[in-house]
Amino acid sequence: MKRILLTSLAFICLININLFGQNNNAENRIIKVDYNKSAGKMSTMFKECVGAGRANEGLRADWQQQLTMVKKECDFKYIRMHGLLTDDMGVYKEDSKGNPEYNYQYIDALYDFLLSIKMKPFVELGFMPSALASGNQTIFWWRGNVTPPKDYKKWEDLIRNLTTHFTERYGADEVKTWYFEVWNEPNLTPGFWTGTQEEYFKLYDYTAKAIKSVNPVYKVGGPATAGAAWVPETIDFCNKNNVPLDFISTHTYGVKQGFLDEFGTSGTVLNKEESSISGDVINSRKQISSSAKPNLELHYTEWSSSYTPADPIHDSYHSAAYILQKLKQVGNAPNSMSYWVFTDIFEEAGPRFTPFHGGFGLLNTQGIKKPAYFSYYLLNKLGETELQNKDTASWATKNAKGDIQLLFWDFTHTLPEASINNQQYYIKDLPSKPKGTVKIEVTGLQKGKYNLEIYKVGYKTNDVYTDYLGMNKPNQLSQQQVTTLKQKNSGAPIATEKITVDAKGIYTKDLKINENDVLLLNLVKQ
């Protein structure tokens with residue numbers, strides 16, 4: 001993964017002053033780019049990693065089929081999930097004398113599959129095998145044990161043995177491209193960790209040294225906290241105690257209250273602040289840059305509009321523009337932004353009983369593409385070179401073939417003030433209002449013929465939840481209904497057109513845009 005180093009706080013601040021601006025006045029919105037004016041290599045931090053619920057779900061055929069499609073169409077490089085060491089993965093037990101016994105058959109089956117589709121694991125080390133646990137506190141339907149180890153030396157031995165196994169099975173050259181992350185959200189006590197911060201740092205110390213004892217170039221980091229917490233504290237602990245630390249990982253979500261609610265009963269509210277999500281990411285980079293380890297990589301290993309898998313904003317067409325808006329705003333601050341998660345095959349609250357229930361996934365349980373999916377699908381169509389562009393809600397790119405891509409959107413926060421929450425609002429049919437016309441002007445094009453492809457996501461366009469409402473929200477989908485919804489929400493171009501560019505090298509087009517529309521123009525050179 002490409003390392004992004006930002007050492008000047010002033011530079012970070014300067015970059016991001018403009019990123020928070022919203023081009024919502026589309027009546028006066030003009031996007032003007034020159035094919036010959038490059039802004040450098042297009043950052044792909046948005047597709048470096050994606051999340052999944054838990055490791056055991058990755059042994060399911062439908063999960064693997066969905067991930068294969070997601071890899072092909074969105075090209076995520078890494079995948080992170082909970083529960084690698086939980087009892088349902090059969091990793092650890094002890095004999096009658098208390099001697100450890102290790103078993104990696106389930107992990108092997110999962111990781112063999114990931115590597116077969118050219119994805120890599122972002123290895124989250126947790127939760128605690130019950131035979132090694134100091135208590136019986138668990139989280140979620142699948143009972144991940146969240147207590148510290150009863151014996152830190154046995155934990156260290158497990159991690160060393162597992163890392164050695166990875167090395168023997170996949171080779172050191174492969175494993176040194178992975179990331180090893182210690183635990184998940186230890187600042188949420190007793191939800192994800194019954195110990196103190198001091199006990200987490202002790203766990204981190206034993207884990208990091210175990211991994212480095214196998215190969216000192218293997219990458220280990222943390223603290224994988226909720227709410228962008230413990231970043232300075234983690235760096236300070238590792239620096240003072242000579243503990244290895246290769247990267248910082250943490251999480252952020254776009255709602256205003258709380259951190260943990262697997263059933264969605266508290267009533268979440270989408271934060272209207274422009275700095276939601278992006279403010280945390282930019283601040284984390286500042287904290288790293290001003291620390292004793294200013295060049296650490298920064299990985300947001302979970303992010304989304306909401307932290308609960310029972311929030312209908314995840315199913316809404318509003319999510320597509322929201323995702324793009326936040327990814328644009330973070331600029332070059334993170335090395336990766338791992339969307340949580342790729343599929344609704346996700347059982348923290350147990351198996352879900354309806355096909356659309358506000359699940360985190362880019363895909364629903366049946367593999368139907370939600371509007372959020374198309375944010376990543378369209379981002380993956382962008383070229384490798386970014387073009388200079390003053391519009392703050394778009395990317396313009398080109399590729400080596402002479403094609404040009406322009407991805408732009410409107411994000412409008414429409415949730416009514418204080419009177420309603422996400423669970424009440426985003427379950428409705430929500431028609432979008434017009435936002436005027438966006439004027440596109442591309443100069444410096446090569447003379448010749450082009451095919452124009454126009455892609456769109458918005459109200460009633462690649463908007464499966466509104467289609468589902470039109471079916472009267474059946475609790476179960478028939479095979480025909482699944483087929484119909486997949487066909488209607490395929491992400492195919494909404495229009496194609498043949499274009500001829502003359503010697504002046506100019507292409508212009510006016511496009512009407514509504515609230516929370518996403519549009520991609522792809523000019524393909526013939």
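Counting only N and O atoms by type, the side chains of Tyr253 and Thr268 include no donor and acceptor under 3.5 Å apart. For the residue pair Asn514/Lys433, the side-chain donor-acceptor check at 3.5 Å is not satisfied. Defined by atom type and a distance below 3.5 Å, a donor-acceptor pair is present between the side-chain atoms of Gln329 and Lys326. Side-chain contact annotation: Asn462 with Tyr317, donor-acceptor N/O pair under 3.5 Å absent. When only modelled atom types and interatomic distance are considered, Gln64 and Thr68 share no side-chain donor-acceptor pair under 3.5 Å. Side chains of Thr412 and Glu515: a donor-acceptor N/O pair is absent below 3.5 angstrom, by distance only. Side-chain atoms of His299 and Ser338 include no donor-acceptor pair closer than 3.5 Å.
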Does Asp510 form a salt bridge (Lys or Arg N to Asp or Glu O under 4.0 Å) with Lys439? I'd like the steps, not just the answer. CA-CA 5 Å; Asp510 292 353; Lys439 299 180 180 297; 3.4 Å; yes
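Phe360 pairs in a ring-ring contact (aromatic ring centres under 6.0 Å, His included) with only one of the listed residues (Phe342, Tyr339, Trp303, Phe346), which is Phe346.
Under a 4.0 Å N-O distance rule, the pair Glu297/Lys219 does not qualify as a salt bridge. Here Arg80 pairs with Glu302 in a salt bridge; the nearest charged N to carboxylate O distance falls below 4.0 Å. In this structure, Arg60 pairs ionically with Asp62, as a charged nitrogen and a carboxylate oxygen lie closer than 4.0 Å.
By the 30° and 60° cut-offs, the orientation of the rings of Phe247 relative to Tyr179 is perpendicular. Classification of the Phe411-His413 ring pair by plane angle, with boundaries at 30° and 60°, yields perpendicular. Ring geometry for Phe122 against Tyr78 counts as perpendicular: the plane angle is over 60°, on a 0 to 90° scale with 30° as the lower cut.
Contact detail for Tyr465 and Lys473: the closest heavy-atom pair is OH-CD, 4.2 Å.
Rounding to the nearest 0.5 Å places CD of Gln405 at 5.0 Å from CG of Asn399. Between the CG atom in Leu324 and the CG atom in Leu379 there is a gap of 5.0 Å [rounded to 0.5 Å].
With sequence neighbours excluded, the residues satisfying salt bridge (Lys or Arg N to Asp or Glu O under 4.0 Å) with Asp344 are Lys370.
Put simply, the side chain of Asp280 does not reach to within 4.5 Å of the side chain of Thr250, judged on heavy atoms.
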